[in-house]
Amino acid sequence: MPAQRTVIKWGDRELAISHPDKLIWPDAGITKLDYVTKLAALAPYLLPYGEDRFLTTIRYPEGIEGISFYQKNCPRPVPDYVRIAVENDIHYVVLDSPPTLLWLGSLYSLEFHVSCERIDGSLPDRWMLDIDPSMEVEPRIMEAAAAAGDLLHSLGLDAVPKTSGATGVQLVMPIRRGPTFDDLRRFGKFVSEYLTAKHPDLFTVERLKKNRGTNIYLDYLQYYPGRTLVAPYSPRARPGAPISTPLTWDEVRADARPGDFNLLNIEQRLRERGDLIAKLPAQPLGEVLQTMAALR
């Protein structure tokens, strides 16, 4: 008997979905067809964070309970609508169109991680800080995010906290272009070391996990060329089908849980709130860095 298939359309494009009833997130009852359909709804929000960056996906051919592998090189064969960017002999998919996103979803790409640098090599347009728990269950994660946000606000800056979709939180700050990645790393170092000194029982900048104890790691090193972070609105291959979701500071102070935001409820949230990152004006980080340098 031939494998079951469903054909979906996006404009004049058609995509055949094999095994549409296969459960990808069994605990949430999400099938392969459900997943691809939900990616279509997420496309307007997810694509702006992938369209100018190198993409790494994590694929789970048997769903989240099966084997997985990272993929940087574009899968073959390549549809004619998929754009490729070559870097260091790697042929990356550029996540810049709904058909490309749905095609990747049909290949069981469940997570979308994008490069910190842009394909065109231009100066960075954002700063990010990865707030990474040492424990799988960390009840203080929103307390940690709030402390980081308070420090930024004291400097006249704002950022959007987003769940990683796993256990952590990342701060995303759109910035006016000017600072280099090295400037951003120095700023991240200042923020992280200041917070660690002020809250020594909460934070650490210790890179070796075995030496962190229960403290939350402030990973200012991750936002740098050649590295990746999970894209806003990317699903995560974890029980409950969580989504990397931007939050308001009020939600952080109310102790939101990363698992509260998932493929089953993200569409309603986006209809109500839109993209919180896109709503934040580019911040004058370059001016703040100049002021900090003058005070030394």
Side-chain angles (χ1 to χ4, degrees), residues 24-25 35-36 38-39 42-43 45-61 63-64 66-75 82-98 100-121 124-133 160-174 181 184-185 188 217 219-238 240-246 258 261-263 266 275 277:
I24 305 301
W25 280 271
Y35 174 53
V36 175
K38 290 181 183 299
L39 285 181
L42 283 172
Y45 303 95
L46 175 55
L47 292 178
Y49 299 100
E51 60 187 1
D52 295 315
R53 300 177 191 274
F54 302 106
L55 177 71
T56 299
T57 62
I58 309 181
R59 293 173 61 184
Y60 287 76
I64 68 166
I67 62 169
S68 65
F69 58 93
Y70 285 79
Q71 183 148 27
K72 293 181 179 290
N73 271 302
C74 179
V82 174
R83 179 181 160 212
I84 302 295
V86 181
E87 175 79 359
N88 296 327
D89 296 324
I90 297 175
H91 291 67
Y92 291 93
V93 172
V94 182
L95 191 60
D96 63 355
S97 72
T100 298
L101 177 61
L102 302 191
W103 173 66
L104 289 170
S106 75
L107 297 176
Y108 304 97
S109 299
L110 304 190
E111 299 191 10
F112 302 91
H113 298 250
V114 295
S115 63
C116 299
E117 75 273 24
R118 298 170 64 90
I119 292 170
D120 63 10
D125 60 354
R126 70 195 65 173
W127 170 81
M128 293 183 67
L129 177 65
D130 193 15
I131 304 175
D132 186 15
V160 177
K162 79 174 180 74
T163 67
S164 69
T167 58
V169 171
Q170 291 143 4
L171 302 188
V172 184
M173 181 195 298
F181 273 102
L184 299 187
R185 178 168 279 191
Y217 178 45
D219 188 359
Y220 65 88
L221 297 170
Q222 186 62 25
Y223 192 67
Y224 204 71
R227 302 187 178 191
T228 65
L229 284 164
V230 66
Y233 308 110
S234 171
R236 301 302 299 266
R238 298 172 67 92
I243 292 277
S244 180
T245 304
F261 311 98
N262 55 65
L263 275 172
I266 190 65
D275 180 4
I277 298 174

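Keep in mind that this is a model prediction, so the values were computed, not measured.
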Trainee: Only counting residues at least two apart or in another chain, list the ones meeting ring-ring contact (aromatic ring centres under 6.0 Å, His included) with Tyr35.
Mentor: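 Trp25.
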
Trainee: Kindly write out the residues that satisfy salt bridge (charged side-chain N to carboxylate O under 4.0 Å, His left out) with Arg53, not counting sequence neighbours, or none if the list is empty.
Mentor: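 Residues passing salt bridge (charged side-chain N to carboxylate O under 4.0 Å, His left out) with Arg53: Asp125.
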
Trainee: Is there a side-chain contact between Ile266 and Leu42 in this structure, where contact means two heavy atoms from C-beta onward sitting under 4.5 Å apart?
Mentor: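 Heavy-atom side-chain distance check passes, below 4.5 Å.
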
Trainee: Give, for atom OG1 of Thr100 and atom CG of Leu47, the distance between the pair rounded to the nearest 0.5 Å.
Mentor: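 Between atom OG1 of Thr100 and atom CG of Leu47 there are 8.0 Å.
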
Trainee: Using side-chain heavy atoms (C-beta onward) and a distance below 4.5 Å, is Met128 in contact with Lys162?
Mentor: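 Yes, side chains in contact.
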
Trainee: Not counting sequence neighbours, which residues clear salt bridge (charged side-chain N to carboxylate O under 4.0 Å, His left out) with Asp120? List them please.
Mentor: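 Residues passing salt bridge (charged side-chain N to carboxylate O under 4.0 Å, His left out) with Asp120: Arg118.
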
Trainee: Any pair with a residue in residues 85-96 that passes salt bridge (charged side-chain N to carboxylate O under 4.0 Å, His left out), sequence neighbours left out, goes on the list, sorted by first then second residue, please.
Mentor: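 Of all non-adjacent pairs touching residues 85-96, those that pass salt bridge (charged side-chain N to carboxylate O under 4.0 Å, His left out) are Arg83-Asp96.
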
Trainee: Restricting to salt bridge (charged side-chain N to carboxylate O under 4.0 Å, His left out), what partner residues turn up for Arg126, sequence neighbours left out?
Mentor: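 Applying salt bridge (charged side-chain N to carboxylate O under 4.0 Å, His left out) to Arg126 gives none.
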
Trainee: Supply the atom-to-atom distance Asp52 CG to Glu117 CD, rounded to the nearest 0.5 angstrom.
Mentor: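 These two atoms lie 12.0 Å from each other.
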
Trainee: What pairs of donor and acceptor atoms, side-chain ones from residues 225-234 against any protein atom, are under 3.5 angstrom apart with sequence neighbours left out?
Mentor:
from	atom 1	to	atom 2	distance (Å)
Arg227	NH1	Leu221	O	3.1
Tyr233	OH	Asp275	OD1	2.8
Ser234	OG	Phe112	N	2.9

Trainee: Restricting to non-hydrogen atoms, name the atom on Leu55 and the atom on Val93 that form the minimum distance, rounded to 0.1 Å.
Mentor: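 Here Leu55 and Val93 meet closest at CB-O, 3.2 Å.
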
Trainee: Within the 4.5 Å heavy-atom criterion, are Leu129 and Tyr223 side-chain neighbours or not?
Mentor: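 Leu129 vs Tyr223: side chains apart.
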
Trainee: Output all residues satisfying ring-ring contact (aromatic ring centres under 6.0 Å, His included) with Tyr49, sequence neighbours left out; order by chain, then residue number.
Mentor: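 Residues passing ring-ring contact (aromatic ring centres under 6.0 Å, His included) with Tyr49: none at all.
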
Trainee: With respect to Ser109, which candidate in Leu101, Leu104, Ile58 satisfies the side-chain contact (heavy atoms from CB on, under 4.5 Å) definition?
Mentor: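 Of the listed options, the one satisfying the test is Leu104.
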
Trainee: In chain order, what residues pass the side-chain contact (heavy atoms from CB on, under 4.5 Å) check against Ala237, with sequence neighbours excluded?
Mentor: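 Here the qualifying residues are Tyr60, Ile64, Leu110, Glu111.
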
Trainee: Taking all atoms of both residues into account, what is the closest heavy-atom pair of Pro48 and Ala43, and its distance?
Mentor: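 Nearest heavy atoms, Pro48 then Ala43: CD-O, 4.1 Å.
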
Trainee: Quick one: side-chain contact (heavy atoms from CB on, under 4.5 Å) partners of Pro161, sequence neighbours excluded?
Mentor: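 Scan of Pro161 (side-chain contact (heavy atoms from CB on, under 4.5 Å), adjacent residues dropped) gives Val169, Leu171, Leu247, Trp249, Val252.
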
Trainee: Kindly say whether Tyr220 contributes a backbone atom to a donor-acceptor pair with the side chain of Arg185 at under 3.5 angstrom?
Mentor: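 Checked: no pair found.
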
Trainee: Looking only at heavy atoms, which two atoms of Arg59 and Leu107 are closest? And how far apart?
Mentor: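 The pair with the smallest heavy-atom distance is NE-O, 3.0 Å.
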
Trainee: Between atom CD of Gln170 and atom CG of Asp130, what is the distance when rounded to the nearest 0.5 Å?
Mentor: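 The CD atom of Gln170 sits 4.5 Å away from the CG atom of Asp130.
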
Trainee: How close do Gly165 and Pro242 get, counting heavy atoms only, and between which atoms?
Mentor: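 It is O-CG, 3.1 Å.
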
Trainee: To the nearest 0.5 angstrom, please state how far the CZ atom of Phe69 sits from the OG1 atom of Thr57.
Mentor: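 These two atoms lie 7.5 Å from each other.
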
Trainee: Given Arg238 and Thr167, is the side-chain contact (heavy atoms from CB on, under 4.5 Å) satisfied, shown in steps?
Mentor: CA-CA 10 Å; Arg238 298 172 67 92; Thr167 58; 3.7 Å; yes

Trainee: I'd like to check the side-chain contact (heavy atoms from CB on, under 4.5 Å) partners of Asn88; sequence neighbours left out, ordered by chain and number.
Mentor: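 If we apply the side-chain contact (heavy atoms from CB on, under 4.5 Å) test to Asn88, skipping adjacent residues, there are no hits.
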
Trainee: I'd like to know whether Tyr92 forms a side-chain contact (heavy atoms from CB on, under 4.5 Å) with Val86, so could you lay out the CA-CA distance, the side-chain angles of the two residues, the decisive distance to 0.1 Å, and finally the verdict.
Mentor: CA-CA 6 Å; Tyr92 291 93; Val86 181; over 6 Å; no

Trainee: Grab the two heavy atoms, one from Pro124 and one from Phe181, that are nearest each other, plus how far apart they are.
Mentor: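 Smallest interatomic distance, heavy atoms only, reads CB-CZ, 3.8 Å.
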
Trainee: Name all residues meeting the ring-ring contact (aromatic ring centres under 6.0 Å, His included) criterion together with Tyr70; count only those two or more places apart in sequence or in a different chain, and write none if there are none.
Mentor: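 Result, ring-ring contact (aromatic ring centres under 6.0 Å, His included) vs Tyr70: none returned.
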
Trainee: If every non-hydrogen atom of Pro258 is compared with every non-hydrogen atom of Ala166, which pair is closest and at what distance?
Mentor: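 It is CB-O, 3.7 Å.
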
Trainee: How many angstroms lie between atom SG of Cys116 and atom OH of Tyr224, to the nearest 0.5 angstrom?
Mentor: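 Rounded to the nearest 0.5 Å, the SG-OH separation comes to 11.0 Å.
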
Trainee: Can Thr163 and Phe261 be said to form a side-chain contact (heavy atoms from CB on, under 4.5 Å), step by step?
Mentor: CA-CA 9 Å; Thr163 67; Phe261 311 98; 4.3 Å; yes

Trainee: Quick one: pull up OG1 in Thr245 and CD1 in Ile277 and give me the separation to the nearest 0.5 Å.
Mentor: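 One finds 10.0 Å between OG1 of Thr245 and CD1 of Ile277.
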
Trainee: Tell me every residue that passes side-chain contact (heavy atoms from CB on, under 4.5 Å) with Val36, counting only those two or more places apart in sequence or in another chain.
Mentor: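 side-chain contact (heavy atoms from CB on, under 4.5 Å) list for Val36, sorted by chain: Ile8, Ile17, Leu102.
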
